[in-house]
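To start, the structure under review is shown below, and the notes come after it.
Throughout, protein chains are lettered first and strands after them, A, B, ... in sequence-line order, and every chain is numbered starting at 1. Owing to the predicted nature of the structure, the values given are computational and were not obtained by experimental measurement.
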Number of protein chains: 2
Amino acid sequence: MNATVADVAKKAGVSTMTVSRAINGGVGVRPETRRRVESAVAELDFVPNGVARGLMTRKTGTLGLIVPDIVNPFFTMVVRGAETVARRAGYRLLLCNSEADVSQEREYVEHMISHRVEGLLVAPSGDRSKANLSLLIRRKVPFVLIDRSVAGLKCDLVHSDGVTGSKRLINHLVSLGHRRIAVIIEADDVSTARERLQGYREALKAANLKFAPEAIIRTTADRAGGYEAMRQILELKQPSTAVFAVNNMTALGAMQALRERGLSVPSDIALVCFDDVEHLAVLSPFLTVVNQPTELFGAHAAQLLLDRISRDDGGRRRNIVLPTDLIVRGSCGAQKETTSSRVARRAAVAEPLRIR
Amino acid sequence: MNATVADVAKKAGVSTMTVSRAINGGVGVRPETRRRVESAVAELDFVPNGVARGLMTRKTGTLGLIVPDIVNPFFTMVVRGAETVARRAGYRLLLCNSEADVSQEREYVEHMISHRVEGLLVAPSGDRSKANLSLLIRRKVPFVLIDRSVAGLKCDLVHSDGVTGSKRLINHLVSLGHRRIAVIIEADDVSTARERLQGYREALKAANLKFAPEAIIRTTADRAGGYEAMRQILELKQPSTAVFAVNNMTALGAMQALRERGLSVPSDIALVCFDDVEHLAVLSPFLTVVNQPTELFGAHAAQLLLDRISRDDGGRRRNIVLPTDLIVRGSCGAQKETTSSRVARRAAVAEPLRIR
DNA sequence: TTGTAAGCGTTATCAC
DNA sequence: GTGATAACGCTTACAA
């Protein structure tokens, strides 16, 4: 049904090798021969079989990308950044949603090894992903970690400085007079959680504030987690005046819990988090956040991976730290809603549209 | 470096065929032989080469997915729905962002044909995608369209009824007293745009309202497009009291333009659109929208495709129409912001959290 | 510049 | 139940 090089060769009256040469740049093929091959290709509607080609060349033109949750806008942007860079380099992306589940991640890794992706971009579920990544090392499949490092594993990594970002957020809250700040955070298994918690601790210490273990709520880093965590925070004996949510999704869940109780932000409680959600910021610039250049996480990681694939010597391990950025908005009461400041905020908010 | 069936065969003292049988379910292999093979596999850390396998079996375990913009939450959810269904069936997804560009879409289609994906899910850029899809038909690659049909092309399709959805939105505006309703819509090349515009026209007619051609603003269906369109609407000689945006992204852009002018919704102008943005609705349930079960678009489409792949007879063409749902919120002034109604809205908004 | 032969790593086929 | 052989569709290596 699908034509093969042999069919093309027969029709053009040449050997399969000549066909192969002609369709791969055509160096060392007489122009006339080449034209003959080309018209045979057109006549037969021939498309080279990439699978067969991949078997010989060991080049599949495919990169793997594993993220814990593609619906989290942070990772959605990572995907876009990676896809763009990959496409420009002639690569395609095999997308996998691990749902932060190590065994699901494992399945994907095995499939990718088996199908000979040329390299892998991984936002790992956590430190327990180490076994999965070791598999890649053993099989010599190059990979780059995104957003999260994995304890005891040295490899290329694109991330940001969670300790500093965290401190910025806490210092901001402290400067506004907050003294009891609760944290919604995921398990210590995740490097970003560790860093952000560390930043929180250090910032408290620097401000001479007491560290209250019961104000640290451990949960999953999704909306449901944030929702549950906020409900627990509201039950705390010593009520908090502010909450630091580990990421955008938990912050949304927290907001939802607050609204159900008829509480509002920031008058009843302040709220800050990591990661801005662009769509959300456009409609209602409200949450004070530490923003990360999300798309660059994917773009840089893809570039690192492509580098490693092309200069396939081991190369030095590379570590890219992307900058974070404190964006102060209304969610911690930094701006009182007087008429004058409301006008000021409206003006501040009206940033010029960035056209891509 | 990587062990092959031959290596395993040698180590186990059997033929490659026996190895092949043993690792593929092991029917017709004596249990003892099988165990011997298995231990050889383990010792050599053997992983079958999926590329070679794919060459023989013509099964690559991969589906293609092309969307115009993965960052648009509508398509993000489509991706998740498709990924989930595909994974459960043992398939992986090759993700492509066409950026609504037919030639980019073309490249992807060719790559997928070449790499022998077993089928393709496509949210086409528009009617001009027809040539790309014809390519798939000629090569007998099964595919399913998502969200948009393509003029003159009969094939499996998962979509919703844009005419009806549109009418719901317009009727709602009309019922609130709006008489001049502008539309922000993309080119007629896109089937959803045609349907939504038709619904708009029919609804106006049914309400005995005059149809004003200058109130139809054509643009791209992204945030930048919505932004530009809203600026044009604000310049209209006969000002509109309401705006119908073709989708979530254009609505956000429109909001942005309004805010820059210091205008607010709904007191200065009403705004409605297609597609709810879940994250956004949680934080500020504000926009009145027609919602579509986004994740199901992907899930059903993937299922349709899998069906077509397994019963690889042609099968009847299938057309799934998913329901739309009018969600009335504050963006068209249905609810006046009196204290009592604000309380009512807050209560209405506090839906129970849907835990996935 | 072009062709021949072998091989990539697996499975289909058919024989034993 | 097991194995020899050919085949999948292409490219590498070498020869002409």
Holding to side chain to side chain donor-acceptor pair (under 3.5 Å), I want the full list of residues that pass it with A:Ser134, two or more places apart in sequence or in another chain. none
Side chain to side chain donor-acceptor pair (under 3.5 Å) with B:Thr62: which residues, sequence neighbours excluded? none
Please, which pairs that meet salt bridge (charged side-chain N to carboxylate O under 4.0 Å, His left out) have at least one residue in residues 143-152 of chain A, sequence neighbours excluded? none
Could you tabulate the donor-acceptor pairs under 3.5 Å formed by side-chain atoms of residues 37-48 of chain B, not counting sequence neighbours?
unit_1	atom_1	unit_2	atom_2	d
B:Glu38	OE2	B:Arg34	NE	3.2
B:Ser39	OG	B:Arg36	O	3.1
B:Asp45	OD2	A:Arg138	NE	2.8

Could you tell me whether the side chain of A:Thr16 and the main chain of A:Val5 form a donor-acceptor pair under 3.5 Å? no
So, using ring-ring contact (aromatic ring centres under 6.0 Å, His included) as the criterion, who are the partners of A:Phe297 when residues are at least two apart? A:Phe74
Let me know which of A:Leu63, A:Leu136, A:Leu94 forms a side-chain contact (heavy atoms from CB on, under 4.5 Å) with A:Val117. A:Leu94
Summary of salt bridge (charged side-chain N to carboxylate O under 4.0 Å, His left out) pairs that have at least one residue in residues 50-65 of chain A, sequence neighbours excluded: none
Tell me the interatomic distance from A:Arg58, atom CZ, to D:dT12, atom P, rounded to whole angstroms. 12 Å
Using a distance-only test with no angle check, is there a side-chain donor-acceptor pair under 3.5 angstrom linking A:Glu83 and B:Asn97? no
Identify, residue by residue, the members of residues 36-53 of chain B with a heavy atom below 4.0 Å from DNA chain D, and return them in order of residue number, or none. none
How do A:Ala6 and B:Arg34 order along DNA chain D: which one's closest nucleotide is nearer the 5' end? B:Arg34
Which of B:Leu296, B:Leu121, B:Leu304, B:Asn319 passes side-chain contact (heavy atoms from CB on, under 4.5 Å) with B:Val158? It is B:Leu304
Nucleotide interval of DNA chain C bounded by contacts with chain A (heavy-atom cut-off, under 4.0 Å): C:dT1 to C:dG9
Would a distance-only check, ignoring hydrogens and angles, find a side-chain to backbone donor-acceptor pair under 3.5 Å from B:Ser191 to B:Ser149? yes
Interatomic distance where NZ belongs to A:Lys59 and P belongs to D:dC10 [whole Å]: 19 Å
Divergence of helical axes at both termini of the helix from C:dT1-D:dA16 to C:dC16-D:dG1 - five pairs an end, 10° steps: 30°
Please identify each residue that fulfils ring-ring contact (aromatic ring centres under 6.0 Å, His included) with A:His115, with sequence neighbours left out. A:His111
Strand contacts (DNA chain D) in residues 15-29 of chain B, 4.0 angstrom heavy-atom criterion: B:Ser15, B:Met17, B:Thr18, B:Arg21, B:Gly28, B:Val29
Tell me which donor-acceptor pairs under 3.5 Å the side chains of residues 25-32 of chain A have, and how far apart each pair is, sequence neighbours excluded?
none

Taking for each residue the nucleotide of DNA chain D bearing the nearest heavy atom, is the 5' side occupied by B:Val14 or by B:Arg116? B:Val14
